[in-house]
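We count ligands from 1, going down the list as the structure has it; atoms in each ligand are counted the same way. No hydrogens, no waters, no symmetry mates; every other heavy atom, side chains included, goes into these values.
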Amino acid sequence: MQVDYIIVGLGLAGLAFTKELDKNKKSFIVFEDHSQNSSIVAGGMYNPVILKRFTPVWNAIEQLEIAVPFYEELEKQFNKKYDFKVNIYRIFKSVEEQNNWFIACDKPLLSNYMVSQLINKNFEGVLAANGFGKLTNTGRIDTKALLEDYRNYLAERNLLKNESFEYAELKINDESVEYKNIKAAKIIFCEGFGLPKNPFFNYLPMQEAKGELITILAPKLNVDFLIKASVFVLPLGDNYFKVGATFNWKDKTKLPTEEGKQELITKLESFITVPYTIVEHTAGIRPTVKDRRPLVGKHPKFKNLAILNGLGTRGVMIAPVAAKALYNYLEEKVEIDKEISIDRFQHLCLD
Ligand SMILES: Cc1cc2nc3c(=O)[nH]c(=O)nc-3n(C[C@H](O)[C@H](O)[C@H](O)COP(=O)(O)OP(=O)(O)OC[C@H]3O[C@@H](n4cnc5c(N)ncnc54)[C@H](O)[C@@H]3O)c2cc1C
């Protein structure tokens, strides 16, 4: 079999790059072994404001300009809704925070998203003595449904191999790569926290962060917006809410833990007082990088090997723009922005 590209990993990164290939009529085959599940468990939120400090997320507006139409195209392709517009209500801890919010509202970048009005309404079962700051034009991508549909779409066309990519089997030639019976011009690695097992790119400084989430059923919690306090409470419809997420830099497994669950319950009950039942508990590893920027580009020595990783805590917004940048670089020779290019870590590569 001969293809233009082999893709390893079909989370948000693999999906975004594969979609670029599909659009440009390039041939490809994808390997996916279900060893990681960050994209499947993710809250799926997109929002250009850091809710701790009320500052803009790095490059958020440029990312959203590409991301929103990207998910719209997928909705059209599969005739299904993935992008659910959800406002965010940030609970203020103090009057000082209220003041900081209003100062931030005046910044031109954020004025389309931050509402410069204090929300003082009471919602049953929600403790918010200092009121809320409201964010609009934000939303949630149903990443689980999207990935399921995309994986089925590729499987139906025989473009998906549900198996582990074995790195030792890869042969690298001058103008191509060979893997078992497949010959390809290039291979793109999109393994999320599978990266440490990749002998070609594991020199890159990933600083992964495990996250746990619970899904609750809370019939008396009558809100259709995301509530953000020490954790977020995200409405999924039919009285279900996702609550998350924890950050753990030590545990490298994707297994849900009792400790993670207890942390979420304690934080949730500090501002939500209605009864609820926990119906699901999930965990995943965020592929975060030391400098909190994505990992995009070609291997310093092997020009047919490339990577798309490091989407960190914001894969929904970053994946589409980073995939486009990698595609344009490989196919159109458009330089990759220095901030996301893996060239910044070239000194760490010992090959
Ligand atoms: C709890 C939690 C909440 C989050 N909430 C949000 C949020 O609200 N908004 C947001 O934007 N982001 C969120 N994120 C972050 C987001 O999930 C990630 O940025 C993004 O999903 C990473 O995508 P990825 O494709 O790089 O990695 P992954 O989703 O991990 O995908 C990598 C894929 O590669 C496969 N793979 C690995 N090695 C191999 C191999 N050798 N052979 C074959 N296949 C392989 C894995 O099985 C996996 O499917 C959250 C993450 C977590 C954990």
Side-chain angles (χ1 to χ4, degrees), residues 6-18 29-48 51 57 60 63-64 67 71 84 86 88 138-144 146-148 150-151 160-170 179 187-202 206 208-215 226 228 231-232 234 242-248 251 253-254 256 260 264 281-289 292 294-296 307-323:
I6 297 172
I7 312 295
V8 181
L10 193 67
L12 283 173
L15 185 156
F17 193 79
T18 306
I29 184 97
V30 182
F31 286 82
E32 169 55 51
D33 68 358
H34 309 280
S35 56
Q36 295 297 324
N37 60 352
S38 186
S39 301
I40 302 278
V41 302
M45 282 303 294
Y46 60 88
N47 151 38
L51 292 170
V57 168
Q63 288 165 10
L64 283 172
Y71 295 108
F84 296 87
V86 188
I88 296 176
T138 50
R140 168 178 76 92
I141 300 296
D142 187 344
T143 53
K144 187 172 179 221
L146 171 61
L147 274 159
E148 273 169 14
Y150 204 83
R151 286 175 182 179
L160 178 63
K161 288 191 181 287
N162 280 303
E163 56 188 82
S164 235
F165 184 85
E166 296 169 49
Y167 301 95
E169 298 290 321
L170 185 69
Y179 180 73
I187 181 163
I188 314 295
F189 293 103
C190 311
E191 308 111 310
F193 182 55
L195 179 71
K197 293 195 182 132
N198 181 325
F200 307 104
F201 287 104
N202 61 5
M206 191 164 268
E208 61 282 354
K210 177 172 179 170
E212 299 193 37
L213 295 147
I214 51 175
T215 304
L226 180 147
K228 175 72 176 109
V231 281
F232 65 73
L234 166 64
K242 225 174 222 191
V243 179
T246 60
F247 275 81
N248 183 327
D251 182 356
T253 72
K254 56 171 186 175
L264 292 171
H281 179 195
T282 51
I285 313 267
R286 305 171 182 90
T288 313
V289 182
R292 304 292 182 267
L295 299 169
V296 186
I307 187 167
L308 181 59
N309 206 322
L311 304 184
T313 57
R314 299 186 192 275
V316 166
M317 294 202 317
I318 301 178
V321 72

Below 4.0 Å, non-hydrogen atoms only: which portion of [X] touches ligand 1? Side chain, backbone, both or neither.
| X | result |
| --- | --- |
| Cys190 | backbone |
| Thr282 | neither |
| Pro287 | side chain |
| Glu163 | backbone |
| Arg151 | side chain |

Hey, does [X] come in under 3.5 Å of ligand 1, counting only N/O atoms on both sides?
| X | result |
| --- | --- |
| Leu12 | yes |
| Val316 | yes |
| Ser35 | yes |
| Asn309 | no |

In chain order, what residues pass the side chain to side chain contact (heavy atoms under 4.5 Å, CB included) check against Glu166, with sequence neighbours excluded?
Glu169, Tyr179, Lys180
For side chain to side chain contact (heavy atoms under 4.5 Å, CB included), just list the numbers for Thr143 and Leu12, CA-CA rounded to whole Å, side-chain angles, deciding distance to a tenth of an Å, and then say yes or no.
CA-CA 8 Å; Thr143 53; Leu12 283 173; 4.3 Å; yes
Is Tyr167 close enough to touch ligand 1? Criterion: a residue heavy atom under 4.0 Å from a ligand atom.
yes
